[in-house]
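Below is one structure; the comments refer to it alone.
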Protein chains: 2
Amino acid sequence: MTSTHKKKGADALPLNTILEGDCIEMMNSLPEASVDLIFADPPYNLQLKGDLHRPDNSKVDAVDDHWDQFSSFAAYDKFTKDWLAAARRILKPNGAIWVIGSYHNVFRMGAELQNQGFWILNDVVWRKSNPMPNFRGKRLTNAHETLIWASKAEGAKYTFNYEALKALNEGIQMRSDWVLPICNGGERLKDENGEKAHPTQKPESLLHRVILGTTNPGDVILDPFFGTGTTGAVAKMLGRDYIGIEREEAYRKVARKRLAAVRRFDKEALQVSTSKRAQPRVPFGQLVERGFLRPGDELYSLNKRHKAKVRADGTIVGGEVKGSIHQVGAALEGAPSCNGWTYWCIKRDGKEVPIDILRQQIRSEMNN
Amino acid sequence: MTSTHKKKGADALPLNTILEGDCIEMMNSLPEASVDLIFADPPYNLQLKGDLHRPDNSKVDAVDDHWDQFSSFAAYDKFTKDWLAAARRILKPNGAIWVIGSYHNVFRMGAELQNQGFWILNDVVWRKSNPMPNFRGKRLTNAHETLIWASKAEGAKYTFNYEALKALNEGIQMRSDWVLPICNGGERLKDENGEKAHPTQKPESLLHRVILGTTNPGDVILDPFFGTGTTGAVAKMLGRDYIGIEREEAYRKVARKRLAAVRRFDKEALQVSTSKRAQPRVPFGQLVERGFLRPGDELYSLNKRHKAKVRADGTIVGGEVKGSIHQVGAALEGAPSCNGWTYWCIKRDGKEVPIDILRQQIRSEMNN
DNA sequence: ATTTCAGATGAATCGACAC
DNA sequence: CGTGTCGATTCATCTGAAA
């Protein structure tokens with residue numbers, strides 16, 4: 001198990017490997033502030049009692065594994081507190097964490113996240129399109145699980161690829177409820193006996209959305225409860241580096257085989273939509289300097305209620321107000337702020353178009 | 001403020017009134033083990049900072065009321081602990097509680113529910129069909145809120161009208177994610193100035209589903225954060241008794257007026273299904289739940305030969321026949337089958353139009 | 001009377017960067 | 001650290017005026 005490549009400033013990181021052992025110990029062995037994202041799917045502490053059969057008398061294969069057994073809420077809380085603290089230490093200042101759980105454990109995780117100073121950004125509902133029904137008719141169909149997305153601290157500059165997620169959602173802002181099918185069919189990994197390799201394997205679609213939306217290519221993603229390696233598989237596909245931690249050799253074995261077969265998407269496919277924020281800043285004055293606008297030219301407001309005149313230093317005058325395109329626009333509209341680039345227009349071919357098109361010309365030149 | 005009627009074994013209960021004061025004190029003044037259901041919509045502790053403007057520069061009317069301010073998580077936790085303990089004391093042994101919150105507070109509520117011995121039955125996601133967007137593009141649209149349904153203790157025989165909720169969902173088991181619009185339009189209560197009377201008024205459709213699904217007619221439902229009285233209004237419509245507790249006279253005033261105007265549905269309409277039904281294609285029950293139709297409303301057959309009455313769970317009664325809109329239509333026509341959506345009509349603007357137009361409205365929302 | 005369009009609004013933890 | 005400036009950013013629905 002060797003690192004396939006190294007990154008500057010993270011020399012000791014065992015990238016793209018599966019660490020063998022207890023997740024708290026292993027996280028504590030890593031350098032602090034070295035990881036961009038943590039995705040954690042910890043034991044849910046289901047507290048199941050007895051067997052459950054379907055109406056056709058077939059037995060439900062419940063999650064009764066030893067790793068999901070805790071003696072009390074207090075024991076579960078101590079476990080949660082310890083692994084979250086270890087996770088927080090290795091997160092970069094602008095790193096973030098995702099956790100997933102059900103009503104059995106997610107409230108305790110969420111409260112502890114807040115207690116430790118994580119700053120919750122969203123809770124996200126994974127709405128299962130094909131959940132297991134409630135066979136006894138005693139409760140509502142448990143048709144969702146909850147994820148929590150949190151930055152390391154309040155005010156941190158977390159990564160959020162807004163435009164990419166918006167594009168995923170057909171041009172509409174991505175919401176906090178995600179409709180995705182559970183993991184089954186060909187995606188569900190089997191062991192040598194043809195049994196499911198892991199009782200709670202998560203769908204790759206879920207990780208795809210998480211990783212695409214909240215990391216950049218080349219980021220380091222750690223999963224302390226790696227299981228069969230869904231996080232690693234999607235990270236690899238998307239050109240991110242992963243670190244898995246898993247206690248059980250049986251799961252590691254399946255994960256290693258899986259990861260070896262995964263192919264990275266090519267670089268072009270990993271390009272995502274970006275916001276204007278990521279583009280270089282162009283001072284309005286450059287339009288004058290470069291002759292796109294001349295001192296004395298008139299600008300018209302989008303709503304046609306106001307006019308302004310361009311001056312040689314890149315400020316404008318509208319009515320009594322002088323200043324930047326933003327300041328004058330805000331003053332004339334009585335608004336707290338104003339984006340002058342989209343507010344002010346010029347006449348071109350008889351039509352009025354925002355001056356933003358001039359900025360776009362300059363930006364396209366800069367990209368060449 | 002006097003009780004309108006009394007129940008056996010609950011002599012001291014101030015039924016169908018609004019108690020004035022702090023909810024913890026008022027709950028402590030009630031006899032223990034006397035209430036069937038508690039619905040609680042406590043302050044969310046939003047911790048907002050500064051103003052937020054929409055892209056068009058209009059200001060968002062934020063929830064900045066004094067009652068939502070807490071100095072710390074510790075202060076909020078103490079508040080939560082105290083009111084939940086008071087609530088648990090007055091619950092009957094087989095009683096249950098619903099709480100609603102957002103990621104700001106729901107994890108702390110859920111953990112404390114478990115700590116006090118409540119037994120979580122489901123967490124339910126209210127997926128808003130028309131949420132407020134994220135204006136800055138910095139996070140996911142906060143498009144849902146979370147409810148928790150819990151019994152007083154593990155093993156308690158809580159009330160769950162499985163068949164009624166299944167009928168409301170057109171023959172499919174009700175899931176843990178509910179798509180409902182936020183409260184606006186005519187349902188949103190205004191004060192004397194035409195401003196919204198309460199910043200966080202919940203939709204009646206949400207309470208309809210809660211109360212129909214987890215109480216029986218005649219049950220006592222207490223709401224310790226009564227606000228403008230949505231819980232009381234729906235409880236009254238559905239033939240349950242309510243007790244409201246509200247600190248603010250301004251809210252109590254609006255609630256009193258509202259409750260006086262609410263009419264109880266007649267007894268027949270409150271009967272809910274107890275047997276299985278065929279599986280139609282679209283949930284007629286949602287028309288009732290959402291207020292497009294009211295229990296007791298009359299439907300007219302296309303040929304004007306028959307009439308039927310709507311019931312609270314989305315079934316109808318025509319002559320001797322009870323069942324879905326399709327079943328009743330078929331029976332009355334002596335036909336093997338019948339499309340109830342086009343067969344049954346309502347009077348609208350003096351004309352009779354098929355109920356299908358109401359379904360179309362809902363469908364257009366569901367496409368979101 | 002009917003359609004169209006502009007405006008308003010909803011539980012929201014909603015910048016980045018230079019100086 | 002604070003302060004000032006640039007400038008990026010919204011979806012579904014309801015209301016009411018205008019056509």
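All chains are named by letter (A, B, ...) in the order of the sequence lines, taking the proteins before the strands, and each is independently numbered beginning at 1.
- Within 6.0 Å of NZ in A/K351 there are 12 or fewer heavy atoms belonging to other residues, nucleotides or ligands.
- The pair B/R108-B/D77 meets the salt-bridge criterion, since a charged nitrogen lies less than 4.0 angstrom from a carboxylate oxygen.
- OP1 or OP2 of D/dC6 sits under 4.0 Å from a side-chain N or O of A/S324.
- Taking the six-membered ring where the residue is Trp, B/F225 and B/W83 present perpendicular rings, their angle passing 60° and hence far from 30°.
- Backbone-only engagement by A/E163 is indicated by non-hydrogen atom pairs under 4.0 Å involving sugar-phosphate atoms exclusively.
- When each of B/G186 and A/G171 is assigned the nucleotide of DNA chain D bearing its nearest heavy atom, the one mapping closer to the 5' terminus is A/G171.
- Along DNA chain C, the nucleotide nearest to A/A156 and the one nearest to B/K202 differ in position, and the one closer to the 5' end is contacted by B/K202.
- Evaluation of atom-type donor-acceptor distances gives no pair under 3.5 Å for the side chain of B/K59 against the base of C/dA8.
- Distances from the side chain of A/Q327 to the nucleotides C/dT9, D/dC6, C/dA12 place D/dC6 closest.
- With DNA chain D read from its 5' end, the first of the two nearest nucleotides for A/C338 and A/Q173 is the one closest to A/C338.
- The pair B/K78-B/E112 does not count as a salt bridge, with every side-chain nitrogen at least 4.0 angstrom from each carboxylate oxygen.
- The salt bridge (charged side-chain N to carboxylate O under 4.0 Å, His left out) test applied to B/D123 returns no partner, not counting sequence neighbours.
- Judged by distance alone with a 3.5 Å cut-off, no donor-acceptor contact links the side chain of A/R359 to the base of D/dG7.
- The stretch residues 131-141 of chain B touches DNA chain D through B/P131, B/P133, B/N134, B/F135, B/R136, each having a heavy atom under 4.0 angstrom from the strand.
- For B/E145 and C/dG10, the CD to P distance is 14 Å, given to the nearest whole Å.
- The base of C/dA12 lies outside donor-acceptor range of the side chain of B/S102, with no N or O pair under 3.5 Å.
- In terms of phosphate contacts, A/Y343 brings no side-chain nitrogen or oxygen within less than 4.0 Å of OP1 or OP2 of D/dA8.
- Look at A/R294 and A/D297 and you find no salt bridge, because none of the NZ, NE, NH1 or NH2 atoms lies under 4.0 Å from a carboxylate O.
- Here D/dG7 is the nucleotide among D/dG7, C/dC14, D/dT13 with the atom lying nearest to any side-chain atom of A/R281.
- Residue-level contact check: B/D64 touches neither bases nor backbone, having no heavy atom under 4.0 Å from any strand.
- With distances taken from any side-chain atom of B/V63 to the nucleotides D/dT9, C/dC17, C/dA11, the minimum falls on C/dA11.
- For B/E192 and B/K253, the salt-bridge test passes: some basic side-chain N is under 4.0 Å from an acidic carboxylate O.
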